[in-house]
Amino acid sequence: MVKLLPQINNLTIHNSAIKELTINNLTILNNVNPHNKSIEELKEIAAQVRRDIVRMVHAVNSGHPGGSLGCTDYFVSLYFRVMNYKPSPFNMDGEGEDLFFLSNGHISPVWYSVLARAGFFEVKELATFRKINSRLQGHPATEEGLEGIRVASGSLGQGLSVAVGAAQTKKLNKDNNLVYVLMGDGELGEGQVWEAAMYAAHNKVDNLIATVDRNYQQIDGGTEEVLSLGDLRAKFEAFGWHVLEADGNNFELLLPALEDAKRATGNGKPVMILMDTEMGFGVDFMMGSHKWHGVAPNDEQLEIALQQLAVQQASDY
Amino acid sequence: MVKLLPQINNLTIHNSAIKELTINNLTILNNVNPHNKSIEELKEIAAQVRRDIVRMVHAVNSGHPGGSLGCTDYFVSLYFRVMNYKPSPFNMDGEGEDLFFLSNGHISPVWYSVLARAGFFEVKELATFRKINSRLQGHPATEEGLEGIRVASGSLGQGLSVAVGAAQTKKLNKDNNLVYVLMGDGELGEGQVWEAAMYAAHNKVDNLIATVDRNYQQIDGGTEEVLSLGDLRAKFEAFGWHVLEADGNNFELLLPALEDAKRATGNGKPVMILMDTEMGFGVDFMMGSHKWHGVAPNDEQLEIALQQLAVQQASDY
Amino acid sequence: MKEFKYTEKKDTRSGFGAGLLELGRTNENVVALCADLTGSLKMDAFEKEFPERFFQVGIAEANMMGLAAGMTIGGKIPFTGTFANFSTGRVYDQIRQSIAYSGKNVKICASHAGLTLGEDGATHQILEDVGMMKMLPHMTVINPCDFNQTKAATIAIAEHEGPVYLRFGRPAVPNFTPADQKFEIGKAVMLNEGTDVTILATGHLVWKAIEAGHKLAEKGINAEIINIHTIKPLDDEAILASVGKTKCVVTAEEHQLNGGLGDSVAQLLGRNLPTPLEMIGVNDSFGESGTPDQLMEKYGLSTDNIVAAAERVISRK
Amino acid sequence: MKEFKYTEKKDTRSGFGAGLLELGRTNENVVALCADLTGSLKMDAFEKEFPERFFQVGIAEANMMGLAAGMTIGGKIPFTGTFANFSTGRVYDQIRQSIAYSGKNVKICASHAGLTLGEDGATHQILEDVGMMKMLPHMTVINPCDFNQTKAATIAIAEHEGPVYLRFGRPAVPNFTPADQKFEIGKAVMLNEGTDVTILATGHLVWKAIEAGHKLAEKGINAEIINIHTIKPLDDEAILASVGKTKCVVTAEEHQLNGGLGDSVAQLLGRNLPTPLEMIGVNDSFGESGTPDQLMEKYGLSTDNIVAAAERVISRK
Ligand SMILES: Cc1ncc(C[n+]2csc(CCOP(=O)(O)OP(=O)(O)O)c2C)c(N)n1
Ligand SMILES: Cc1ncc(C[n+]2csc(CCOP(=O)(O)OP(=O)(O)O)c2C)c(N)n1
Ligand SMILES: [Mg+2]
Ligand SMILES: [Mg+2]
């Protein structure tokens, strides 16, 4: 049985030019991910993370399972394969590391689970999610020093600006690593996103890979009913970005897309991945609508969900 | 000599379907403008307005001549030829009238001059501009009931939202008239503009004609240096708008463009005019840079400016 | 101490939803806007019954405020709905210019105010909204205490010409005020006449003040309890009359100590009638995730805190 | 009454510009951001000397705040510059979440605060910024009184770890504090010891308080005058000590009465030492266009207003 708990090797972080390696027939750039899992392993980790998510929101009868489940494969890819980082000791400044920012902070469950499973803090702390005196706030927060979080989010629309600023600091510091940021698609209604998009293109912030969780859902319904985003590729291209598309719920397609995105960096344009996901992915009754954006499963629903996600449960918290 | 002071005829405002008339070889839609001047007359009025502008900012050694001079021909076209409205008695609700909103409120001098010359209030009140206890605030304000102003502006980025809201009310009220709004190009850096743009397209607010004062200038320099707007047509088209271009400093080209814009209304899309203007137009030393965005001429400069604008001065205030 | 009875706990936001629905039926000028939180704001009944008067804005609160301002032109009475944080701090400048300074008849309806929002945590728990809104000239600020009062306030503000901030919350709280009450803006409600100490409470703290009144009565302390549902304009007369009698005051609110009801009272007293004052509120810290009760306890907003404050302030007479 | 001499009038914003330039030379981590107001903020010297550490954001203040938050990650100390209105109300939620709650080391530098901005009028004359910023946990709020003190404050805040709001203004005012002063955050500056009344002034009102002190001295009134350059944290100790002696207080500030220094003092006194208080500030109205002096006169912020308030409050002892 594959061990899922994180193995933190004392990796030396190389901050030098991008290297190319080939693993599992994929070309991996700048490969200093501390876990560097195979696709099979990633799938198991993703199942584990999804179980964490439904358990966490069930335990407090609040939180956001829909987007969390939809973005699980993306988070698992970043933290267990793609990003260069050092989980411990956590360094707020992140020099010599890739950085990740979550703008759509409501999907904190997936981030917390992945951070714990990747070695930033202990898995058992997941049980404190949304409870009083916890470091695992409803939306990501830095106040109590939770390892892995560099800025608070939850009020939508702010994360891209923060990520662009962090990317510019990396340039000032001659740090070659990359900055990643995830946003929701409903979140793109916020004008600040477009301010940041315009700024990043004008200033050639090309060490940045932004991703939109294109699940076509937001709270009040489908994005195209609430406030249609229409042709997002055309919008971001008109705003001066290099735009890629990806399937966010299929590692075989997502990993190459993330590698493509890396390759697209350094070319004078910020990079945007429009990532198709399904809200609630992995739990059939949570899929296909906006209903599970912010609703927790009851006991019975939890059991069904866990069965559907039962690749193996050895290390569940 | 042509009389420039407004002649307010007791027009009955027709709120019915759009009519077509032909005047000066131009097809005029829904022609109930209270002045309905010829191009020759418009040119004289524009010269008058430009003289008002430089005098007003000179008198208080503050205010914004650059954008005001650049947009003079647009304002004169709207108020003396294109828009359907009743200057007196001024009606805040504007039912049965076209409405105009100025989002880039700093170019208040041109609006004040045009409003006065069009009969909203007395021309001599222009002499109170930016002085204490005046109704002619540095930026347009409604507090003291200045006729012609329906919302305060000055803090940039807000006017498009207001105009869209007013346009939706017109639809609710089954009022066929149109809503006009002007924005600066530097102002497009504000995210709220893109929020409103997305909303207007999604909601098919097609009784709205927005215009961007595309003078390629803002306070700190050229727009393309400060924060490049790049291909604005592509941006607004990607945001779902019907986009037209116009030369804003040439009545022979501007009037047909405004008529084209009117014709484009009612087709399910909001209409955007990208209007090329020259900041400071009409006063040679104020043209070609951002320097006169917000600087008043001294005595000597005023004299030179007035000479250049001296079509005739009979009715100067 | 008077007895206050309730048969049911109900959330104040549902009082808003019920009031809005009634307004939809009685006042055809009432329109409603929501920024992707229709269910949370309990606006769905209005949306369903009056779809043509309901405007879904998407996640773009700044635009919503501008739209609402624009919709007043032509006679609509717009009610905007989103969380209190996004109703104030996110859009302060838009409210300031397009609504307050412009004197627009917009009703800003804000849910999930304060700590009792619960598990979502600090990014959503605004504790500064009253402070912001009461600084705005022309703004009326109302924070009713239960379902019935919120419903009555919602209906009352439609009759009031001018901008209003109406604050309410998420959790179910005792619904004890009369169902048929007439809500008088700016008129404090005497709940219990007493002689030893004046307790001025607003919003969710009103019920806790009543509970505190009972506990104080057991200790032989006769508290005067006043429901300050309108924080601006403050009912100076009622407060000064009460304080003149009791000679000491406790204020209680779900807000930062800075900027809230307590500060308004401190100012009133210092300028007119210096009197010992104790303030119940959050003491310059952000909230966090937890249940409403846990949070009110942890941050010092419980019934016992009011009791202790009353005893303290009496000892300072 | 002590004599205060000045050889020159200078604007406080130039003090900021000078301090920033010096910081550029002494602290390589200092970076500066500006939203299309480089000249108005006097940031041009910094931009010229340190172009790689200067970030022109364009007219997009929300983005600027997010960028600044992001730039702290990697060790930069960002100074943002725009008008006080656009530094606070326009971006409150961004400051709240990405800076204050996230504990980011950003210095929010705000010019053209208050009425003395002059001719631009109310849309730009923010009188609520101190109130907003002081409600934010973790935020330090500073309003220095002249060029030298603003320069010293600018330099001092770079050494202070955590978010700071630094407020200054447009007009030239007497530059009377020592050029070599050490600025101590949170430490009130005793200007004149007295026994009859305490005058607590901040920003541009400090000089007027000194003038008032002279006029009061002529009337035989011995005023204690304290410069409260730091409004948060407030120097409670210094204030209570002074009030304990004089038994009455006048506060003076270029701000709404609601939410400003006066409210902080009213709260402090009510909770500790109830004392007659008179407040000089704007009484719940917007400003307007006019010269700084005319406006200070019209809105009751003149030297004579302070004198009258002192006499009034003494009579209330
Ligand atoms: C500024 C702001 N406005 C509103 C909200 C409330 N809210 C939280 S999540 C959400 C919907 C987000 O939609 P999307 O970004 O598509 O995320 P998804 O529902 O797909 O997870 C809303 C409106 C918020 N958190 N912040
Ligand atoms: C929200 C906001 N930010 C900043 C300013 C200050 N400001 C006034 S005009 C201006 C430049 C506007 O550029 P543009 O829209 O192109 O107008 P133009 O200079 O061409 O007249 C700026 C930054 C403002 N008024 N409002
Ligand atoms: Mg979505
Ligand atoms: Mg321009």
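All heavy atoms count here, side chains included; hydrogens, waters and symmetry mates do not. Every chain is numbered from 1 and lettered A, B, ... according to where its sequence line falls, protein lines coming before strand lines.
Residue B:Glu144 does not touch chain C at all, counting heavy-atom pairs closer than 4.5 Å. If you measure heavy-atom distances from B:Leu99 to chain C, the contacts under 4.5 Å come from the side chain alone. The parts of B:Ala196 that come within reach of chain C are both its backbone and its side chain, each placing non-hydrogen atoms under 4.5 angstrom from that chain. For C:Val31, the part lying near chain B is the side chain, with the backbone staying farther off; criterion is any non-hydrogen pair under 4.5 Å. Interface residue B:Ser161: backbone and side-chain heavy atoms are both found under 4.5 Å from chain C.
Rounding to the nearest 0.5 Å places CZ of C:Arg53 at 9.0 Å from CG of B:Leu172. Atom NE2 of residue C:His138 and atom CD of residue B:Glu143 lie 4.0 Å apart, to the nearest 0.5 angstrom. Taking CD of B:Gln168 as the start and CD1 of C:Ile73 as the end, the distance is 13.0 Å to the nearest 0.5 Å. Atom-to-atom distance recorded for B:Glu195:CD and C:Met64:CE is 10.5 Å, nearest 0.5 angstrom. Here the CD atom belonging to B:Gln192 is positioned 7.0 Å from the OG atom belonging to C:Ser98, to the nearest 0.5 angstrom. Remark: B:His139 NE2 to C:Tyr101 OH distance equals 10.5 Å, nearest 0.5 Å.
In terms of heavy-atom proximity, B:Tyr199 sits nearest to C:Gln56 at CE1-O, 3.5 Å. Closest of all the heavy-atom pairs between C:Ser102 and B:Ala152 is OG-N, 2.8 Å.
When each of C:Ala68, C:Gly103, C:Ala62, C:Gly75 is scored by its heavy-atom pairs under 4.5 Å with chain B, the top score falls to C:Ala62. Comparing C:Gly66, C:Ala69, C:Gly58 by how many heavy-atom pairs each has under 4.5 Å with chain B, the most go to C:Gly66. Ranking B:Ala141, B:Ala163, B:Ser153, B:Gly94 against chain C, the residue ahead of the rest is B:Ser153, based on heavy-atom pairs under 4.5 Å.
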task: Step by step, work out the side chain to side chain contact (heavy atoms under 4.5 Å, CB included) result for C:Thr72 and B:Met92.
output: CA-CA 10 Å; C:Thr72 64; B:Met92 174 59 84; over 6 Å; no
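No more than 12 heavy atoms of other residues, nucleotides or ligands shown are found within 6.0 angstrom of CD on C:Glu237. Within a 6.0 Å radius of CD in C:Glu49, more than 12 heavy atoms belonging to other residues, nucleotides or ligands are found.
A donor-acceptor contact shorter than 3.5 Å links the side chain of B:Asn173 to the backbone of C:Gly74.
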